[in-house]
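For reference, the structure discussed in these notes is given below.
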Amino acid sequence: MSYKTTDALMRHLRDSGIAISGSKQKQQLINTGYFHGYKGYRFFGNAQTRLPFISYDEVYATIQYDSDLKSLLYGKMMYIETAVKNIALESILVKANSESIQDMYDKVVSGYHNAPATATTEQKKKMQQNKLSLQNTIQSSLVYAYKKNNPKITHFYNNVGYSDVPVWALFEIMTMGDLGYLLSCLTYDVRDDISKRLGFNVSCDTDRQLIYKYIYTLKDLRNAIAHNAVVFDTRFRNFDPNSAMQQCLKLEVGLPYVNFKTIGDYIILMCYYMKLLKVSKTEIKAFIREFERITEHYRQSVNPNVAAIVIHPDLLARMNILKNFI
């Protein structure tokens with residue numbers, strides 16, 4: 001296979017019906033990359049839905065829109081992740097009445113011996129399996145952090161006065177995915193406690209699954225932002241929301257439906273969390289307005305056929321419902 005120079009790639013784009021010329025657009029193509037840039041952004045969601053670009057300016061505007069979205073979401077996402085970690089940590093420490101990881105396993109993680117009375121043998125086995133997987137994951141995180149000389153962890157292993165890493169130090173090195181998994185392994189009453197501390201509407205969440213299901217939802221977006229993957233079309237999404245996840249946001253925010261197939265739904269979920277976490281109305285509304293501003297700027301930078309695919313027709317209506325909820 002022959003390698004194409006930038007000029008040849010520009011010719012190829014022109015042959016594909018996309019106007020591109022001049023040194024400015026050539027530099028943009030070089031900077032964003034043909035493969036990361038054009039190939040990554042020429043479709044929406046999946047390769048079957050090609051975006052009908054007519055000029056390279058539109059491709060560049062799409063890359064810019066995606067980049068602006070990531071900048072907007074990053075800080076808020078970190079804030080939510082840290083706050084949820086701290087609320088969950090507080091609950092775990094109180095319920096285990098200890099900061100020892102072993103006590104956490106023994107007292108607040110579901111396993112064969114502390115399964116609900118109604119659990120079948122199969123369900124008990126599944127809980128025990130999950131508990132063992134969790135121990136494995138946590139052990140691996142500690143090994144990795146120690147190997148990388150992470151001071152939050154080495155401090156405890158290299159110090160004569162300590163024998164083990166406390167739960168709160170473990171939380172410092174946990175990824176969002178690990179956090180979701182830990183939350184899913186907790187006993188019902190601890191999940192119930194965390195749900196109530198967060199302020200979730202538990203009426204539509206009988207199994208108290210929202211605390212980890214929503215974290216998994218946000219984790220996909222968070223990782224896409226962190227690894228500079230494409231976010232504007234939610235191609236990072238790898239699950240189908242269950243009825244509790246849909247019901248809760250529909251009831252709380254007043255939405256007709258929720259499916260997490262558009263970036264707007266992720267904005268809604270993040271705003272829901274910020275409201276629960278008592279972030280000021282002013283700050284949340286500024287966040288929504290900025291999202292609307294960059295989306296409107298994008299709408300004006302591309303032809304109507306592209307905008308119709310990228311920007312969901314009821315996005316504005318949903319954002320107005322969200323602002324009323326805030």
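Quick note: residue numbers are just sequence positions, from 1.
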Q. Under the ring-ring contact (aromatic ring centres under 6.0 Å, His included) test, which residues partner Tyr272, sequence neighbours left out?
A. none
Q) Looking at Val59, Leu29, Asp57, which one forms a side-chain contact (heavy atoms from CB on, under 4.5 Å) with Ile20? A) Leu29
Q. Sequence neighbours excluded, which residues qualify as salt bridge (charged side-chain N to carboxylate O under 4.0 Å, His left out) partners of Asp220?
A. none
**Q.** Separation of Ser71 OG from Asp66 CG (nearest 0.5 Å)
**A.** 9.5 Å
**Q.** Under 3.5 Å side-chain donor-acceptor pair for Thr175 and Asp178
**A.** yes
**Q.** Side-chain donor/acceptor of Asn86 to backbone N/O of Thr82, under 3.5 Å
**A.** yes
(Q) I'd like to know if the side chain of Glu58 reaches the main chain of Val302, judged simply by a donor and an acceptor atom lying under 3.5 Å from each other, with no hydrogens or angles considered. (A) no
Q: For Asn114 and Val109, indicate whether the former's side chain and the latter's backbone hold a donor-acceptor pair under 3.5 Å.
A: yes
Q. Does Gln135 offer a backbone N or O that forms a donor-acceptor pair with the side chain of Gln139 under 3.5 Å?
A. no
Q) side chain to side chain donor-acceptor pair (under 3.5 Å): which pairs involve residues 312-326, sequence neighbours left out? A) Tyr257-Asp314, Asp265-Arg318, Glu292-Lys323, His312-Asp314
Q: Say whether, by atom type as modelled, one donor and one acceptor occur between the side chain of Thr120 and the main chain of Gln123 under 3.5 angstrom.
A: yes
Q: Would you check if the side chain of Thr49 reaches a backbone N or O of Gly45 as a donor-acceptor pair within less than 3.5 Å?
A: no
Q) For Ala8, which residues count as a side chain to side chain contact (heavy atoms under 4.5 Å, CB included) partner, sequence neighbours excluded? A) Lys4, Thr5, Arg11
Q) Are Glu90 and Lys95 ion-paired here, with the side-chain N under 4.0 Å from a carboxylate O? A) no
Q) Which distance, rounded to the nearest 0.5 Å, do you find between the CD1 of Ile80 and the CE of Met270? A) 4.5 Å
Q.
To the closest 0.5 Å, what do you measure between CE (Met245) and OG (Ser243)?
A. 10.0 Å
Q) Going by atom types only, do Thr62 and Tyr298 share a side-chain donor-acceptor pair under 3.5 Å? A) yes
Q.
Whether Lys124 engages the ring of Tyr112 as a cation-pi pair (distance to the six-membered ring centre under 6.0 angstrom, angle to the ring normal within 45°) should be assessed.
A. yes
Q: Establish, from distance only, whether the side-chain atoms of Tyr266 and Thr234 form a donor-acceptor pair under 3.5 Å.
A: no
**Q.** Arg299 bridged to Glu296 by N-O distance under 4.0 Å
**A.** yes
Q: Output all residues satisfying side chain to side chain contact (heavy atoms under 4.5 Å, CB included) with Gln209, sequence neighbours left out; order by chain, then residue number.
A: Asp205, Asp207, Tyr212, Lys213, Asn242
Q: Test the Arg293-Phe291 pair against the cation-pi criterion, namely NZ or CZ under 6.0 angstrom from the six-membered ring centroid and within 45° of the ring axis.
A: no
Q) Would you say the side-chain atoms of Asn238 and Tyr216 include a donor-acceptor pair closer than 3.5 Å? A) no
Q) Quick one: does Asn303's side chain have a donor or acceptor within less than 3.5 Å of a partner on Phe53's backbone? A) no
**Q.** Salt bridge Lys26-Asp7, side-chain N to carboxylate O under 4.0 Å
**A.** yes
Q: Considering non-hydrogen atoms only, spot the tightest contact between His12 and Ser16 and give its length.
A: O-OG, 2.8 Å
(Q) I need the Ile101 CD1 to Trp168 CH2 distance, nearest 0.5 Å. (A) 11.0 Å
Q | Under 3.5 Å donor-acceptor, Lys131 side chain and Tyr105 backbone | A | yes
Q) Quick one: does Arg191's side chain have a donor or acceptor within less than 3.5 Å of a partner on Arg208's backbone? A) yes
Q.
Tell me every residue that passes side chain to side chain contact (heavy atoms under 4.5 Å, CB included) with Ser100, counting only those two or more places apart in sequence or in another chain.
A. Ser98, Gln102, Asp103
Q. Out of curiosity, does Tyr157 fall in the hydrophobic cluster containing Phe171 (side-chain heavy atoms, cut-off under 4.5 Å, transitive links)?
A. yes
(Q) Below 30° counts as parallel, above 60° as perpendicular, anything between as tilted: where do the rings of Phe232 and Tyr65 land? (A) perpendicular
